[in-house]
Student: 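One structure, pasted below without further comment.
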Amino acid sequence: MAEEKRTVITEEGLKKLQEQLDYLVGTRRNEIAHQIEVARGFGDLSENAEYDAAKSEQAKVEAEIAHLTAVIRNALVVSSSDISTDKVSIGTIVEVENTATGMKQEFAIVGENEADPYQKKISTESPIGNGLLGTTVGEVVTIEIPKGVIEYKVLNIRR
């Protein structure tokens, strides 16, 4: 069997994944089981759209449960007390300035399962997240992104 990939994740990210898993196992599974039971009451299962839809949803939920279980089992949790602000790393919040436009932004550097660009949480696997990893305050870094190249100056690193 192939070795599963270790997922680097913050304590907050692990908590959210565990909450999602608990919901799927404790609530969503029961809801789907009830839907299947009700659909069985509609008669012939070979032509029962409600039954087919419920079974399909059950398969999706079970796949997500298996995925989340594997991610949590293989998680490498980064404790907030272990996070240094000397360099950009997972769990840090980095303030940068676009050297071309002067625009300042803040990004939280997180594991790939925690990424949420709308909340400025970028993955270490993303071009910008990966490009900022290991940089220090005052450093200027050039990062290749899908739209071209961007240059950031690191202004601040915090937890």
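In what follows, every heavy atom counts, from backbone to side chain, and hydrogens, waters and symmetry copies are set aside. Numbers for residues simply follow the sequence, beginning at 1.
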Student: How far apart are the closest heavy atoms of Asn113 and His67, and which atoms are they?
Tutor: OD1-NE2, 4.2 Å
Student: Indicate, with yes or no, if Val88 and Ile150 share a hydrophobic cluster defined by side-chain heavy-atom contacts under 4.5 Å among Ile, Leu, Val, Met, Phe, Trp and Tyr.
Tutor: yes
Student: To the nearest 0.5 angstrom, please state how far the CD atom of Gln58 sits from the OH atom of Tyr51.
Tutor: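 Answer for the CD-OH pair, Gln58 versus Tyr51, is 8.0 Å.
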Student: Hey, are the side chains of Glu151 and Ile143 touching, using non-hydrogen atoms and a 4.5 Å cut-off?
Tutor: no
Student: Look at the side chain of Thr27 and the backbone N and O of Leu24, then say whether any donor-acceptor pair between them is shorter than 3.5 Å.
Tutor: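 Absent.
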Student: Would you call Glu106 and Arg158 a salt bridge, taking side-chain N to carboxylate O under 4.0 Å as the test?
Tutor: yes
Student: Report whether Val141 and Leu155 are members of the same hydrophobic cluster (ILVMFWY, side-chain heavy atoms less than 4.5 Å apart, transitive linking).
Tutor: no
Student: What about Val25 and Ile36, same hydrophobic cluster or not, with Ile/Leu/Val/Met/Phe/Trp/Tyr joined at side-chain heavy-atom distances under 4.5 Å?
Tutor: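 Linked, Val25 and Ile36 end up in one cluster.
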Student: For the residue pair Ala75 and Ile9, what are the closest heavy atoms and their distance?
Tutor: CB-CG2, 3.8 Å
Student: Would you be so kind as to tabulate the donor-acceptor pairs closer than 3.5 Å made by side chains of residues 13-21, with sequence neighbours excluded?
Tutor:
unit_1 : atom_1 : unit_2 : atom_2 : d
Lys16  : NZ     : Glu12  : OE2    : 3.3
Gln18  : NE2    : Asp22  : OD1    : 2.9

Student: Please check if Ile122 and Ile90 belong to a single hydrophobic cluster, counting links between Ile, Leu, Val, Met, Phe, Trp and Tyr side chain heavy atoms closer than 4.5 Å.
Tutor: no
Student: Which pair of non-hydrogen atoms, one from Gly134 and one from Lys87, has the smallest distance, and what is that distance?
Tutor: O-CD, 3.7 Å
Student: Would you tell me whether Tyr152 and Gln105 have side-chain atoms, one donor and one acceptor, within less than 3.5 Å of each other?
Tutor: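 Their side chains do contain a donor-acceptor pair, which is all the 3.5 Å distance test asks for.
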Student: Checking Ser123 against Glu112 for the side-chain hydrogen bond (donor to acceptor under 3.5 Å, both in side chains) test, could you report, in this order, the C-alpha distance in whole Å, the side-chain angles of both residues, the deciding distance, and whether it holds?
Tutor: CA-CA 5 Å; Ser123 165; Glu112 63 185 309; 5.7 Å; no
Student: For residues Ile93 and Val137: do they belong to one hydrophobic cluster (side chain heavy atoms under 4.5 Å, members Ile, Leu, Val, Met, Phe, Trp, Tyr)?
Tutor: no
Student: Salt bridge check: are Glu57 and Arg28 linked by an N-O gap of less than 4.0 Å?
Tutor: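 A salt bridge links Glu57 with Arg28.
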